[in-house]
Amino acid sequence: MLLTVLGCSGSVPGPNAASSGYLLEADGFLLGVELGSGTLAALQAVRDPFALDALLFSHLHADHCADFPSLTVYRRYHPRPTRDPRANRLPVHAPRAAPQRFAGAYATDAEELAVTDLSDVFDFRPLAVGTFHIGPFEVTATTAAHPCDAYSFRIDHGGRSLVYTGDTGMSAAVVALAEGADVVLAEASWAHGGGPIPDLHLSGREAGELAAAAGAGRLLVTHIPPWTDRATVLAEAAAAFPGEVVAVEQGAAYAL
Ligand SMILES: [Zn+2]
Ligand SMILES: [Zn+2]
């Protein structure tokens with residue numbers, strides 16, 4: 001599996017930094033994970049957006065899906081003469097509310113919303129806890145500790161496993177999901193201490209503790225907001241996890 005980071009700024013985009021967005025590729029199958037602000041631009045810099053085979057969303061906060069209306073325009077109106085988007089609907093694995101959420105983000109007012117239907121270009125598939133397949137990937141979803149319909153994912157392929165926390169507070173379910181994973185891609189939204197808010201985000205220390213408790217092989221830290229000190233979060237994670245710890249960077253690719 002190859003992981004490419006389209007954006008990794010947490011909660012909001014930063015200076016020249018897109019919000020959450022990733023590409024996961026194996027066996028020629030290209031899975032987009034999240035589509036936060038700025039990621040459609042980043043995607044076009046590295047791949048043809050029509051090369052996407054499916055999309056997967058952990059939850060519907062704007063920093064994870066704000067570029068969806070732009071992708072809708074791209075797939076509907078791109079003048080490529082040989083492509084009929086209606087014959088090539090993109091599978092979108094997302095929380096149940098996605099069709100309404102994305103239609104609301106696309107339409108300009110209530111009148112337009114009443115007639116907005118994105119099913120001409122997208123094939124929405126609601127997420128549920130459990131295991132399912134997307135192309136060559138086996139995906140296991142569990143509920144994340146986050147104040148909306150939100151999921152963490154374990155993605156297995158070819159004997160390798162990636163766990164992506166999405167946005168979550170510390171939770172036994174996410175630790176169990178990550179058990180023995182080769183790579184954990186964990187959010188770390190703040191430094192530890194200073195009045196923890198439960199069931200929202202991980203600190204750098206908690207990201208490290210999660211990976212350590214799961215016995216993971218490698219920890220990739222992501223979703224660091226522009227107002228959070230990156231070095232502090234990374235040092236916290238490294239102190240709590242004995243293996244390799246890397247803060248991912250936009251545009252970088254990681255062989256898993
Ligand atoms: Zn987020
Ligand atoms: Zn969120």
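Read the numbers this way: they start at 1 and go in the same order the structure lists the ligands and their atoms. We count residues from 1, following the sequence as given. Just so it is clear, the values below take in all heavy atoms, side chains as well, and ignore hydrogens, waters and symmetry mates.
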Chemist: Kindly confirm whether the Zn ion (ligand 1) is within less than 2.8 Å of some N/O/S atom in E187?
Modeler: no
Chemist: Counting only heavy atoms not in R96, do more than 12 fall under 6.0 Å of its CZ?
Modeler: no
Chemist: Restricting to N/O/S, name the atom of D63 that gets closest to the Zn ion (ligand 1).
Modeler: OD2
Chemist: Are R101 and Y106 in a cation-pi contact, defined as NZ or CZ under 6.0 Å from the six-membered ring centre and within 45° of the axis?
Modeler: no
Chemist: To 10°, measure the OD2(D167)-the Zn ion (ligand 2)-NE2(H59) angle for me.
Modeler: 90°
Chemist: Report the angle formed at the Zn ion (ligand 2) by atom NE2 of H146 and atom ND1 of H61, rounding to the nearest 10°.
Modeler: 90°
Chemist: Taking both backbone and side chain into account, is any N, O or S atom of H201 nearer than 2.8 Å to the Zn ion (ligand 1)?
Modeler: no
Chemist: Can you give me the closest heavy-atom contact between A213 and E179, atom names plus distance?
Modeler: O-OE1, 4.3 Å
Chemist: Check T165, V248, I155, V163 against L185 for a side chain to side chain contact (heavy atoms under 4.5 Å, CB included) and give me the one that passes.
Modeler: V248
Chemist: Identify whether the distance between the nearest side-chain nitrogen and carboxylate oxygen of D120 and R89 falls below 4.0 Å.
Modeler: no
